[in-house]
Number of protein chains: 2
Amino acid sequence: MAVQEALRVVAERIGSLPQPCASCDARERNFCAALSPAEMAEFARTMSEAALPTGGILFHEGAPADHVMNVTSGAVKLFKLLGDGRRQILGFRFAGDFLGLSTGADYVYSAEALGESRVCRFPRRKLDALRERYPNVDRRLLALSIEELAGAQEQLLLLGRKTAEERLVSFLILLSQNQVRRGLVADPITLAMTRSDIADYLGLTIETVSRTFSSLKKKGLIELEDTTHVHLVDRDRLEDLAAGFA
Amino acid sequence: MAVQEALRVVAERIGSLPQPCASCDARERNFCAALSPAEMAEFARTMSEAALPTGGILFHEGAPADHVMNVTSGAVKLFKLLGDGRRQILGFRFAGDFLGLSTGADYVYSAEALGESRVCRFPRRKLDALRERYPNVDRRLLALSIEELAGAQEQLLLLGRKTAEERLVSFLILLSQNQVRRGLVADPITLAMTRSDIADYLGLTIETVSRTFSSLKKKGLIELEDTTHVHLVDRDRLEDLAAGFA
DNA sequence: CGTGACCTTGAAAGCCTTCAACTCGGGTGG
DNA sequence: CCACCCGAGTTGAAGGCTTTCAAGGTCACG
């Protein structure tokens, strides 16, 4: 199976890069923020950074959840599959984001690199030990988890009740906010993902996504420099659309 | 506004019932499980149980999130609204379930009683104090939060990629599992919610929900004793349907 | 310069929604 | 007591938004 093969490749790459990930302790969107520099240094020994090619698999749904990880560069998509191959992307994670927590023994979704990316992995057992020793870690993970839940609930509203146009506009605004959160500009949005990924995130087809981009452009609400760079022309109108004010 | 009026009614009812909720410390699906009986007794003074009529509002999206709560009897629906009134139900909570956590100052969704229900409320400030003193509380809340997130992600797959029939079947199976989790029988499912609630949970209309019930009945996959009691005839086939094996 | 991945656009089809009519059961008031 | 009303649910028919099927365009790459 192609997935198993990819996993093996990833495992090899990870094994070949034993150095700790220097950027983790400076990040605000992962659990490391709960640790002091000294604690961080002690923990760094058990971490390792891995390089992933485009399409590289971080882990697959149903596989033993024995690592958690931070994205240190690039971007990652999280997704679930149905029996006949239909795919739903749950979300995208960018540099500084944390992923991989699970209460059960296995991952409940798959994760794959959008472009060339790097992730900092560490054993779940070590994380559990850390949680025992430093209560702040649980507090931090809880805050992250609640934030993630709120994001998923917003996406439930999108998938259950919004039209194609409202979905795409909501997505663009979310990406814009995401860029601000990462210290980038709000306005020219850079799409790290393909139309296919966008479609699977918004519960649409690539054709509908493409058509909706064209329609928004024709209405003068957005401008497309090229397929990966979007300019939000009428932000207020777009916000209203995303919020469902018909 | 009707909502504000309902909130006022709820507030009055809560104020009139200052006694602690005896069932909380025996529950497995709320944070109380992290406390010893002694700790629980000490904390119980700050709790109060409230009776809610059908349709009673627990809290509204955007209101200050100054309480968390356990459902002690009955059932509750959590939902979000779009600007023009479209509604998406995020989930249902039953006796023993916990709700109301938020990282920000406000609730990010609304909560309303399905039928006559009781909830045990306590101040968020008190909960924060408890988290400071007992690290187990954060651990417990984290586990609950991760479980809730996994449920939301499963629902994203449902809303984004499943057909009407697959959605309804998935919902029935979820309810069945829920009943088992609450110590009830797996098979005759009792629907505590209306067709309208089911529709808003599944991202459909009431007509489609009704038609799909009829269709499943005609196929011999389920039986409807009355509108609120469903018997799963061919469980294996239903499981396959829900998993998207066309 | 051929090839393939990604994207766009058009036309037809389909699943679900919208609109509408009808049934059923419970509560109410004459 | 029972006609009446109303909410909840079911079913039919038409319509619409998105999908499916199909074709063509662009660009990177070997």
Side-chain angles (χ1 to χ4, degrees), chain A residues 53-55 77 82 84-88 112 114-116 158-171 190-219 222-230 241 244 246, chain B residues 2 53-55 77 82 84-88 114-116 158-171 190-219 222-230 241 244 246:
Chain A
T54 299
K77 61 187 170 198
L82 286 176
D84 61 359
R86 278 171 285 172
R87 185 178 66 156
Q88 178 63 40
E112 182 181 325
L114 281 182
E116 301 214 342
L158 182 150
L159 292 174
R161 288 304 181 209
K162 291 187 185 178
T163 66
E165 183 175 65
E166 290 165 346
R167 292 183 198 199
L168 185 55
V169 170
S170 300
F171 177 60
T190 301
L191 301 175
M193 63 293 291
T194 66
R195 295 290 187 266
S196 176
D197 288 333
I198 296 173
D200 282 348
Y201 179 62
L202 299 180
L204 302 169
T205 60
I206 54 174
E207 294 94 333
T208 299
V209 170
S210 185
R211 267 187 264 271
T212 307
F213 266 121
S214 300
S215 165
L216 289 173
K217 193 169 57 176
K218 194 175 296 178
K219 292 180 181 176
I222 65 169
E223 279 168 11
L224 286 170
E225 301 178 27
D226 54 59
T227 53
T228 60
H229 293 86
V230 186
L241 270 176
Chain B
T54 299
K77 61 187 171 197
L82 285 176
D84 60 0
R86 277 171 286 172
R87 184 178 68 157
Q88 177 63 41
L114 281 182
E116 301 214 342
L158 181 150
L159 292 175
R161 288 304 181 208
K162 291 187 184 177
T163 65
E165 183 175 65
E166 290 165 347
R167 293 183 198 199
L168 185 55
V169 170
S170 300
F171 177 60
T190 301
L191 301 175
M193 62 293 292
T194 66
R195 295 291 187 267
S196 176
D197 287 334
I198 297 173
D200 281 348
Y201 180 61
L202 300 179
L204 302 169
T205 61
I206 55 175
E207 294 94 332
T208 299
V209 169
S210 184
R211 267 187 265 271
T212 307
F213 266 121
S214 300
S215 165
L216 288 173
K217 194 169 56 176
K218 194 175 297 177
K219 291 180 182 177
I222 65 170
E223 279 168 11
L224 286 169
E225 302 178 27
D226 54 57
T227 54
T228 61
H229 293 87
V230 186
L241 269 176

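Order of the sequence lines sets the chain letters (A, B, ...), proteins ahead of strands, with each chain counted from 1.
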* Would you say the side chain of B/L158 lies within less than 4.5 Å of the side chain of B/F171, judging by non-hydrogen atoms? -> no
* With sequence neighbours excluded, residues passing side chain to side chain donor-acceptor pair (under 3.5 Å) with B/T212 -> none
* Structure fact -> By side chain to side chain donor-acceptor pair (under 3.5 Å), A/T228 pairs with (sequence neighbours left out) A/D226
* Which pair of heavy atoms, one from B/T190 and one from B/H229, lies closest together, and at what distance? -> OG1-CD2, 3.5 Å
* Structure fact -> Here the distance between atom C1' of D/dT19 and atom CG of A/L202, to the nearest Å, is 15 Å
* A/Y201 and A/M193: CA distance, side-chain angles, deciding distance, side-chain contact (heavy atoms from CB on, under 4.5 Å) verdict -> CA-CA 10 Å; A/Y201 179 62; A/M193 63 293 291; over 6 Å; no
* A/R161 CZ to D/dC17 P, straight-line distance once rounded to whole Å -> 16 Å
* Could you tell me the separation between the CD atom of A/E112 and the OG1 atom of A/T54, rounded to the nearest 0.5 Å? => 9.5 Å
* **Test side-chain contact (heavy atoms from CB on, under 4.5 Å) applied to A/S210 - qualifying residues, sequence neighbours left out** => none
* side-chain contact (heavy atoms from CB on, under 4.5 Å) partners of A/S196, counting only residues at least two apart -> A/R87, A/T194, A/D200, A/I206
* First-last contacting nucleotides on DNA chain C - partner chain A, under 4.0 angstrom, heavy atom -> C/dC7 to C/dA11
Distances under 3.5 Å between nitrogen or oxygen atoms of protein and nucleotides 14-16 of chain D:
none

* Integer-rounded Å distance: D/dC17 P and B/L204 CG -> 18 Å
* Give me the bend of the helix from C/dC1-D/dG30 to C/dG30-D/dC1, using the axes of the five pairs at each end, rounded to 10°. => 20°
* To do: Would you give a per-nucleotide map of nucleotides 25-30 of chain D, 5' to 3', where B means the base has a protein non-hydrogen atom under 4.0 Å away, S means only the sugar-phosphate does, and - means neither?
  => ------
* Asked: When you measure from the side chain of A/R195 to the backbone N and O of A/E207, does any donor-acceptor pair fall under 3.5 Å?
  -> no
Where do N or O atoms of nucleotides 6-10 of chain D meet protein N or O atoms at under 3.5 Å, pair by pair?
{"from": "D/dG9", "atom 1": "OP1", "to": "B/R195", "atom 2": "N", "distance (Å)": "3.4"}
{"from": "D/dG9", "atom 1": "OP2", "to": "B/R195", "atom 2": "N", "distance (Å)": "3.1"}
{"from": "D/dT10", "atom 1": "OP1", "to": "B/R195", "atom 2": "NH2", "distance (Å)": "3.2"}
{"from": "D/dT10", "atom 1": "OP2", "to": "B/R195", "atom 2": "NE", "distance (Å)": "2.9"}
{"from": "D/dT10", "atom 1": "OP2", "to": "B/S210", "atom 2": "OG", "distance (Å)": "2.8"}
{"from": "D/dT10", "atom 1": "O5'", "to": "B/S210", "atom 2": "OG", "distance (Å)": "3.0"}

* Asked: Which pair of heavy atoms, one from A/Q88 and one from B/G160, lies closest together, and at what distance?
  -> OE1-CA, 3.2 Å
* **Listed partners of B/R86 passing salt bridge (Lys or Arg N to Asp or Glu O under 4.0 Å), at least two apart** => A/E166, B/D84
* side-chain contact (heavy atoms from CB on, under 4.5 Å) between A/L191 and A/T227: does it pass, once the steps are laid out? -> CA-CA 8 Å; A/L191 301 175; A/T227 53; over 6 Å; no
* Got a sec, which residues hit salt bridge (Lys or Arg N to Asp or Glu O under 4.0 Å) with A/K219, two or more places apart in sequence or on another chain? -> A/E165
* Asked: What residues form a side-chain contact (heavy atoms from CB on, under 4.5 Å) with A/S214, not counting sequence neighbours?
  -> none
* If you measure from CG on A/L168 to CG on A/L241, what distance do you get to the nearest 0.5 Å? -> 10.5 Å
